[in-house]
Structure formats: structure tokens, C-alpha cells
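This report refers to the structure that appears directly beneath it.
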Amino acid sequence: MEVKQLKSGVWTESVNVRDFVFNNITPYHGTHDFLVGPSERTQRLWEICKEATQEERQNNGVRSVDTETISTVSAFEAGYIDKENEVIVGLQTDELLKRTMKPFGGFKVVQKALSEQGLEPNKSLTNLFSKYVKTHNDGVFDAYTSEIKKFRSLGFLTGLPDNYARGRIIGDYRRVALYGINFLIESKKADLENITGPMSDAVIRLREEVAEQIKALKEMIELGAKYDLDLARPAQNAQEAVQWTYMAYLAAVKSQDGAAMSLGNVSTFLDIFIEKDLEEGLITEVEAQEYIDQFVMKLRMVRHLRMGAYDEIFAGDPTWVTEAIGGMLADGRSKVTKTSFRFLNTLYNLGPSPEPNITILWSESLPQNFKDYCAKVSIDTSSIQFENDNLMRENRGSDDYGIACCVSYQELGKSIQFFGARTNLAKTLLLALNGGRCEFTGQQVVDGIPEYTDEYLDFDKVMANFKIAMKEVARVYNDSMNIIHYMHDKYYYEKAQMALIDTNPSINLAYGIAGLSIVADSLSAIKHAKVKPIRNEEGLTVDFKIEGEFPCYGNDDDRVDLLARQAVADFNNELKQLPVYKNAEPTMSVLTITSNVSYGKKTGATPDGRAHGIPFAPGANPMHGRDKNGAIASLNSVSKIDYKDSLDGISNTFSIVPKSLGSSEQDRIDNLATTLDGYFSRNAQHLNVNVLNKETLLDAMENPGEYPQLTIRVSGYAVNFVRLTKEQQMEVITRSFHESM
Amino acid sequence: MLNINNCHIKNLDNTLRVHSIESFGTHDGPGIRMVVFLQGCKLKCLYCHNPDTIQTSGGTEYQIEELVGMALKMKPYFGKKGGVTVSGGEPLLQSKELVPFFKRLKEEGIHTNIDTNGRVLNHFTKELLDEYADLVMLDIKHMTEDGYEFLTGMRNKETTFTFAKHREASGKAMWLRYVLIPDITNKPELLHAMGQYFKDYKTIEKIEIQPYHKLGIHKWETLGWEYQLKDARENTEEEINAASEILKNYFKEVKIN
């Protein structure tokens, strides 16, 4: 057989992984029949991992913590699960599941997280950070205005990355495998040489950043050396390509603990090396799958030190190692390769799992065999999510992108995004009804909204007030973001990830909103029924009386769906008016994390009849149980939100009982694949799919020990169901499970 | 409201009397379907799991164009196989109104399917069978006249077979459906008899076995009716498989639904 030669191109001369993939990919149209089970070595390793994760669960979610060392790219000595069985090596520390201190986001958070485990940091570190070293968190609070602090503490702005790392930046980890680090250093040095005066703030900052990146690259070489790997040179074969890519990712998760640390889109890239080795007869399918299984196993073992309060927002200890799989190339070829299948196969070889957060870039044009296999994996494991490749590629411009965090497009190596957390849009609506005062405390939050005293709510008046509230909330939100990202760059710069991204990339600031369905239904009630606010002595609304019927979002009824669409457009337009740090482009997502429970607690009764404390629906979902016209009507409503108004994503979580998908396995596969085609043909952006019976979840609540790997999609990510709190589990169970009669 | 002689439910012009609509039907025909359950049936099958559709009064009048509009909203999800199924009740009690409904669906390129007991064969039905129904799912209740009467409360099972012959002559696709009840319909001699009767039919693509279940009982109670099959039991997996093996001798495909 002729030995496969790599086709050269732009990538041979300069850093351009996309060009390498484009020129050397072998799209695969066949079935999953070629796949193999886990090797014996893989099985042995996985047994150890399963035992360790069980110990972790039994030990209050933390197996061990290092309290002596600040975690950096090269801080720890090599660590192994069981060295002789590992074909892909590398752990965040010298021990499996050991969590570490990354104090530059905020030292107090580290102290708090440790004290919850009955531990404290090394005395000299405490001394250093309390007297001499400033963190991101310190910087932000030095600059925060009292207004921002008020918005934050009252719950208008939530989950702000001001005491933990912002994450979301995806390094192009493939670069280390393709070029080797020496080449990358040379390339960055050349960039630095070209960043010249006049020395404005921006130019000085960029010079410093690139210098930091070069240091990080050198540290990565040291990291490799600890495992006897020569990362300075390019990977020479498939095993090295996987290993090098993982080492690059490892450098990121050793030095940063951002909420979401996506992997990118590595499977297609790695396939080129695997195909070459297979053709040359150097390896067989067993080794190919073994590399991927062990790589994925390592990704499943990534951990960060978190405090309890963090888990209330981001339930289930997620790490968002998001890997995007599939999609189409600009020339119409599919990006599906055998290694796309191999990644999905890990969900059988190692069992279901929330991490890595496997995201299928879905296009109607994907090979049918791949579509069917994705549907099968989704039905069997509820571990994967789907995003509309055509929509993102056509609107955002590149066919080489990953998914930052849950649902957001990010071109690899060319652009980054600043994580913008979320504002509570339902609470913002209540400002409009309470003269700009917080519905709980009565504190004046926003000026310029007239006190509302009418007996019944009038739609036009409410809308006028709501617009003022949105404008003001957007202004304060933007202020907070500018401060946060300025300080994050200054005190906790992601030098390892940024070293693997073009110098001076384009940036988007990813704002977000929560509570869309509540806003839509509330506006619908005010417009189509009669809503009478019940006010306390201070004139604050504490409840609402609804007379008459009103259409609810989720039933494919334009009378309310267009109110949802308009609310998204309006808030996005407010954000777009405001200048952003580093000239980032403002974008927005409709996305919540599992914090639906805490959002519910922090938001008073709303005009849609929702009582104070009732959890929000996830993302852009209709409210629990209000989508009464079946699955398709529910999907259609969400698909009406315009992606152009919400370029960071519109998350929809869809749960269906297996029987409702069809009576045979083949029917269920066909019907799920067809549903995805249908949903995305309407320009919808994202779908999480759970194929589960409620009874399974109820049983798992009673007998968690029997369901260690039960995985459920929540909102843009997946969790181990048994790692959620009871309250969070109940919220998931009360969501609409589509069931036919 | 009901004109018994014509065996037909009278409706306002261009409307159908609907019991309920399922927007994600995956058990009533191929692919994902909008299933329109029409109100009213002349039979009262002992195992009926939608007994609230039996009464010919009640239901909601839907304009045909309204139903077409709903189908169009679901069309992207129908894919290559799915479409619209009319079920019931007995949909052909409203065969006159189904003609313009199916005609419109065909104009929109939507696959059409009738789930029927095959007892109504007027000229509207014939028009549907010959022209507008892409698929007919014909429910075979029982192969003996006494068994038929026991289950449905009506005699003259032959009408179903006449119906089948007419569809066969149209050359268009047909599925058979058979509710499998231990000791009542799940007997080897009955299964063989059905196979023998239909084995030469060219339009029958498959037979769907619907194992008897008791899920409908509470609906009977709600209606204040006595559920007479209380003593019947559900099939074991072995019984279902045994029935399936017999039918495989006669039919291209046997599906357990």
C-alpha cells in the first residue's frame, strides 16, 4: 500500500491548523461497525478511575487537595494512574483527582474552598497573598462602583467571574502537536518584534502579553520533560499527536480554573495522524481506539478546587471540556472522520459521562450513518448535545471552530471570547413594575422609572418601563464586564492558552440572559389577560392575580413567541450600544446553567403566575409544564428566537421518554435524527437531548449508589445526576418530559 | 347530530370533529407524525384505550385549513417518512370531510395515513382509498364472527375484508394491525387463519402486533363504564414472540408496536 503523504499548503509555512485539516482530512461516510471495545489496559485504568471517583463522592466531592503548591503549568512532578498501562500520560498533579490551589483569581476563594474541607493554605502563601500579592478578585473590587456591587448582591447580575477565572478561552491545542513548541516560540517572537510604538496602553499591554505567552510555551516544554516527552518538536505519529495535544490542554487546566475550559475541535485533526499510521500499518484499530479512550479518560479526570457557593451556581462540579465533533467544511465536504466515531465510542467503552462535553455540529448534509450513530449514542447515553453547524458557519464565518463553554461559537486559534455571565431578565422586568426598586428590599436600583400604581397592568406602560430598566441594567452590566476583563488580563492572564492563539485575536464579549420564558409569559399575561399586582405597604409587588387566559411560550403561538423574540432583540440592542474593553464585539446568549434553582429563589413572584422561589426554566426553554402542545410545538417556539440577536447561543434542553421516540431502536434513531434535521432547518441553534424516563431519575434519587454514571443534559452541559443536590435533582425532574399518549 | 343511516357524523362545512391532536406521534404510521384523533366510533371494543373517543357527540370542531396549517408547522419534522395520520375513534365516520383534508395535505406534499377498522366503505372512503391516502392501517379485530362480536359489540366482520379487498385493488400501501390478547386473539389457529387469508395480498407491507395492555382502564372508569376485560391479562414476552413467529410465515414484516 502506498504510504500516505501529507499534503502541504499554507500550514507548512505559518501557523494554520485549519489549512492542515482542510488539505489532509479523510471524510468518513461508513457505519460504526469498524469500532472496537476498550483494550485491556484501558479497562484496568478505568477501574482505578471509577474507584477513585467513588471515593471522591463518598468524601464530600473532594478526594484530596494540595495545600502547599500554587498550580502552574510546570508546578507538579509527573503523575500517573497506573504507569505501565498508560499510553497517554499526564495528570494535573502528581496524583489522580488531587485538586490544587490556583489563587490568582482570588485568594479568599481558595481559602474558603479549603476551609470547607477543613484545610488551610500553607502559612507562607497566606502571608504572601494577604500582604504582597494582588489577585484578579482584589483588582475587580478596587474598581467596582457601589452601583455594580448593588446589582451584584441583589441578584440582577449573577455568576460574574470576579472571584474565579473567566474561562471560555480555547487554546488551539492542536498547534503543539502539529508544529512543536520551538516553532510556536519562534513565531511568537517574530510577532513580538513587530509590535512597535507609539507605545499606547494597548501596544504596551500586547507586548507584555506576548512575552508572557513565550514564557508559558517554555514552561510547556518543561512540563513535557517531566513525562519524558519532547514537546519542542512536532508529533511524529498518532500516539504523539494525541499526547502532545493533551499536554497542551493539560498546561491550560494546570494553570487556569475557568468555569469552562473547552478542548476545541481536535478529533478531526487527530484523525489525520491516526489514518496515516493505520495506512502505514504501524497501528491497528485497537491502538487507535486506545489512544482516544485514554485521552478521554484523562479529560474526565480534570478537577478544580471549588467552594460550595460555586456549586450552587454551577451544579454537579462541571469542567466543560467541550469537544465539538462533526460539521461541514466550507467546500461542502463533511468533517466527520473515523475519529469522530471513536470519540463517541468512548461513551460505550468507558460508559456515559458528562465530560468531555461532546457537542455534535449538526448539519443536514452530514453523512447519514454518522447522524444515525449520533442519535443512537444520544438515546443510549443522554451525554451529548447538538448545535446547528450551518447556522453558525454561515453567520460567524469559519468552518474551524469549537464551542466555548456550553453553546458558544469560537473560531479556533483566531478569536477568543470574554465570559459575560448573565443578567436576570425576569428580575429586570420586576424593576419595571416597582418604580425601579428591588422587589424584595425596596432599594432603588434604577432611576427614571415612574412608580406604577394602576390597579391592572397595562402592556404599553409596562413595556415602556421595561425598556428603561433594560437600558439601565445593560449599562451597569457593561461596566462590570469592562472592569472584570481588564483585571483578569492584568492579574490572571491566560498565558498558556493565549500562547496557542494568534497574537491580537478578535474578541467577543459573551453577555447572557436568564429568565426569558418568564419574561415572555409575563408580557403575554399582561397583554392577553388581565393582571392585577398585589402590592405590600411599601408598594412593592408581592404577587399577581391573573384574570382570564393567556398563551404561554412553548406552544408555537406567535402571540407570545414573538414577545420572547422581541425581548431578546431589545436587550441585545441595548448591549450593542456600549463600548467594550479591548474593542470586543458584544454578543449575547440565552443560557442558564443549573442555577435555575438559585435564580428562582432570588426572583420574586412574576406576572405569569410564577410564585417566588419557583425555579427558572433552563436557557431558552419554555417554563416547566407550560408547553402543552407537544414536543414539536415546544421546539418551534424556541426556534423563533433569532440567532442574529443572540450570537452566543440559544440553549434548549429537550427531554423525551424513550417510548415516545418510537417502538423499536431503529425507529427511535430515525425519529431523533429527523427531529434534529427539522429543528435545525428552522434555524434553531442548540439542542440538549435527554432520552430518559422520569422513573429512572426518581429511582436514582433513592438509590444513588446504583447509578454512578447516570448522565443528564441540563443546559449546555451534562452532569452526573447523583452529584446534584436534592433540590437541583427535583428541578430537573419537574421539567417537561415529552410523552405521547 | 348523528345520522345513523349514513354511518356518518355530520359536521359544519369544512370542519372535522376532533378528539385530540398528537404533535409527535411515533406509533401510528411511519416516522414522526401529526396524529389527529377524530371523535366518534360505532364499535365499542372491549380493550379500547381511547374510550373517550367512542361517543359520537363531543369533540372539538376544527376547520380543515386550521389542521392543514398545523401540519405545515410540523412538516420540517416529518422528514422522508412522516406525515399526518387520522385515527380515532373511527376516522372514516367523517370520510366526506377527510377528502378535502387529505387533498390539501397532498397538495402540500405531506404523507397521509388512515388508521381504521374498515367498516365504512362509502364513495368518499373509496375516493380516499383510491386517491388520497398514501397508507391505510387496517385493524383486524378477530378472525371469527363470534369473536368479532364479543370484542366489538357488532357483527359482520366481512365488511373489514371487503374494505381490504378494495384497498388491495387500488394497489396502494396497507398495514394490518392486530391487538394481541392472550386466549382471545392470541391463538395459533386464529393467527394462521389471518395469515392464510391475507398471504397473497401484494399491498400489505407489514403487520403490527399491538400487545394488549390495561392502560386505558382508568378512562373507562372516568366515563362511568364498566371495563369488561378486567380478567384478561397482558401477554408474556414468549407469547408475543410465538405469535410473531407464526405471522412471519405469511407477512413480509411483523412489527411489535
I'd like to know if the side chain of B/His27 and the backbone of A/Lys659 have a donor-acceptor N/O pair within less than 3.5 Å. yes
With sequence neighbours excluded, tell me which residues meet side-chain contact (heavy atoms from CB on, under 4.5 Å) with B/Asp115. B/Asp28, B/Thr85, B/Ser87, B/Met137, B/Arg177
Enclosure of B/Glu107 CD (heavy-atom neighbours >12, cutoff 6.0 Å): yes
Sub-3.5 Å donor-acceptor pair from the side chain of A/Asn636 to the main-chain atoms of B/Lys73, do we have one? yes
Do A/Asn671 and B/Tyr77 meet the criterion of a side-chain donor-acceptor pair at a distance under 3.5 Å? no
With a sphere of 6.0 Å drawn around NZ of B/Lys103, does it hold more than 12 non-hydrogen atoms of other residues, nucleotides or ligands? no
Which of residues 243-257 of chain B have a heavy atom under 4.5 Å from any heavy atom of chain A? B/Lys255, B/Ile256, B/Asn257
Heavy-atom distance under 4.5 Å to chain B: side chain of A/Asn629, backbone, both or neither? backbone
Indicate yes or no: at least one non-hydrogen side-chain atom of B/Phe78 is less than 4.5 angstrom from one of A/Thr674. no
Just wondering, more than 12 heavy atoms not from B/Lys106 lying within 6.0 Å of its NZ? yes
Region of A/Leu676 in contact with chain B, defined by heavy-atom distances below 4.5 Å: neither
Ranking A/Ser663, A/Ser681, A/Ala633 by heavy-atom pairs under 4.5 Å to chain B gives rank one to A/Ser663
Tell me whether A/His528 at atom NE2 has more than 12 heavy atoms from other residues, nucleotides or ligands lying less than 6.0 Å away. yes
Determine whether A/Asp667 and B/Thr26 make a side-chain contact, defined as any pair of heavy atoms from C-beta on separated by less than 4.5 Å. no
Given that the side chain runs from C-beta out, which part of A/Asp670 has a heavy atom under 4.5 Å from chain B: side chain, backbone, both or neither? side chain
More than 12 heavy atoms of other residues, nucleotides or ligands under 6.0 Å from NZ of A/Lys644: is that the case? no
For residues B/Ser23 and A/Ala631, report the shortest heavy-atom separation together with the two atoms involved. OG-N, 3.7 Å
